[in-house]
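Worksheet: the structure to be examined is printed underneath.
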Amino acid sequence: SAQLPARCHGRRSAREGRDSGPEAWAAKVLRRRRGAVRARTTHARPARSPRSPGTSAPGLARAPAPRPHRRSRQLRVRGVPAAASPPASSSGCPAAPGRPHRPPLTGLGPLEKASALAPGRTSPRVGPPAGPGLRVIQEGTESSDGGDSCRLFYPEDPIKIVRGQGQYLYDEQGAEYLDCVNNVAHVGHCHPLVVQAAHEQNQVLNTNSRYLHDNIVDYAQRLSETLPEKLCVFYFLNSGSEANDLALRLARQYTGHWDVVVLDHAYHGHLSSLIDISPYKFRDLDGQKEWVHVAPLPDTYRGLYREDHPNPAGAYASEVERVVNSVQEKGRKIAAFFAESLPSVGGQIIPPAGFFQEVAEHIHRAGGVFVADEIQVGFGRVGQHFWAFQLQGEDFVPDIVTMGKSIGNGHPVACVATTQAVARAFEATGVEYFNTFGGSPVSCAVGLAVLDVLEKEQLQAHAASVGSFLMELLRQQKAKHPIIGDVRGTGLFIGVDLIKDEATRTPATDEANYVVSRMKENYILLSTDGPGRNVLKFKPPMCFSVDNARHVVAKMDAILTNMEEKVRSCETLRLQP
Ligand SMILES: Cc1ncc(COP(=O)(O)O)c(C=O)c1O
């Protein structure tokens, strides 16, 4: 069929008074600056170290090393292709030890300092300076004249980032921020090898996948080497949303069914089809479609079945079975179960091992397929394994895996991996799959470079060791600060669940926002997730170091200690919308 771009058989190888006067003017400036932030692109510096040996003069445009031509559509890829050798050197992760962070501006309160950092501002946008009655505006509460559906981080004082390198981001004043949340810059912001691979391929050819090209075949081969053997058909796309939308089409075509079961609080993308299967979104919109069915989030800290349950995996899987049964009783048929392998928007949740296997049995019995969304959590982030679904056990293999974000280190690449049976059913429609940009030579060169860097810098093992070190430090913090209810995670995917009190485990939402805001004053970028927006999430670029972990936890400790002192002395941590 002409539908598959590549196929791999066989060995898989302030809103503060912004009404009038200076504040109104400042708000206008802010809106203009926002526009500038959105419109601006950061240009990465090209670096040396091409992916392939044999390049002549540095900087010379060159074609990839010639290889025997292969038929990409019906191609059988066997063995390891003559892939370009990884380069001899170059790391995108600048050494962190002793790295000086920009010293805080002395003599100013945090909010005054923020003001001083923002050029063009004549008066502080947010209320009085820090101290008793500290005021922090909650993320997302600021809006402009209405209709502003795009949110900035830190709306009370947005940052204009102009450069990124490794795990660091730099603002227009040169201040260095430690990035603890950007899992898209997987192998490090602007990694020189990834930038170089894109640049070199861009100089030679970038077209669509209707021509034969080695990159797409090599890339499918390399991805297949990371996956269970039966996942050997690859579709290339441009975004995680596109990948999940295609997964939905594949599932429906293969099963002949329509309905979908999802986990509560899930987010699977911004397309209409995916908003429909994202409780995180549809609850605020039109609500739940009749073909969408929601099962409880397997959250063993705050969910239905907790850490004291003898078999939480079985108990949560029975909930899915219950949903499946009730769907069938209504005469409806299930096409797919969609789940993030580790639900991130749901609050950095680690489903109990064995849950997916049991769910897959219930879903398969109902004639549906299991879709593992690895868009946030794949590519070695979890440390022990390359794919997060592998945490569930060796014997678990999803029918469809979707990839995005980290796959291209910031370049728009995405992929759907599935079985031949599913792909054949899709082919049988006779309707071709075509994607203008998906699987282009440049996208595939970028994807290959990301895999090369992961391998060369052993970032999966790095994530495992730095992640356990960070978890250990955070657990020590939990023992010290009662506000920390739970520390959970694996590799560099970690959540710190802040609570009001241990008995109720009520989310400490305002406190979490306060911590995020204070961390930013300390040049550390952190964020919250979970339905209560109280889970501090760590999912940094994979080159995040042990020193970074120590630095972040020391600052968090100081902030939490200071917060506790304020609470003891009855000072307000006022958070106002
Ligand atoms: C789990 C998950 N799936 C899918 C998507 C959609 O990806 P994209 O924004 O690249 O379309 C996201 C984006 O945040 C996500 O977190």
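Ligands are counted one by one from 1 in listed order, and the atoms in each one are counted from 1 as well.
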Every pair of nitrogen or oxygen atoms between ligand 1 and the protein that is under 3.5 angstrom apart - can you list them with their distances to 0.1 Å?
unit_1   : atom_1 : unit_2 : atom_2 : d
ligand 1 : 3 (N)  : D373   : OD2    : 2.8
ligand 1 : 7 (O)  : S241   : N      : 3.4
ligand 1 : 10 (O) : G240   : N      : 3.0
ligand 1 : 11 (O) : S241   : N      : 2.8
ligand 1 : 11 (O) : S241   : OG     : 2.5
ligand 1 : 14 (O) : K405   : NZ     : 2.9
ligand 1 : 16 (O) : Q376   : NE2    : 2.8

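Salt-bridge formation is not detected for the pair R306/D299: no Lys NZ or Arg NE/NH1/NH2 atom is positioned less than 4.0 Å from an Asp or Glu carboxylate oxygen. With respect to K160 and D171, no salt bridge is recorded, no charged nitrogen being found less than 4.0 Å from a carboxylate O. A salt bridge is absent between K405 and E374; no separation between the charged side-chain nitrogens and carboxylate oxygens falls under 4.0 Å. Between R222 and E455 there is a salt bridge, since at least one side-chain N of the basic residue sits less than 4.0 Å from a carboxylate O of the acidic one.
Considering only residues two or more places apart in sequence or on other chains, K333 meets the side-chain hydrogen bond (donor to acceptor under 3.5 Å, both in side chains) condition with none of them.
Looking at every heavy atom in both residues, F426 comes nearest to Q253 through CA-CG, 3.9 Å.
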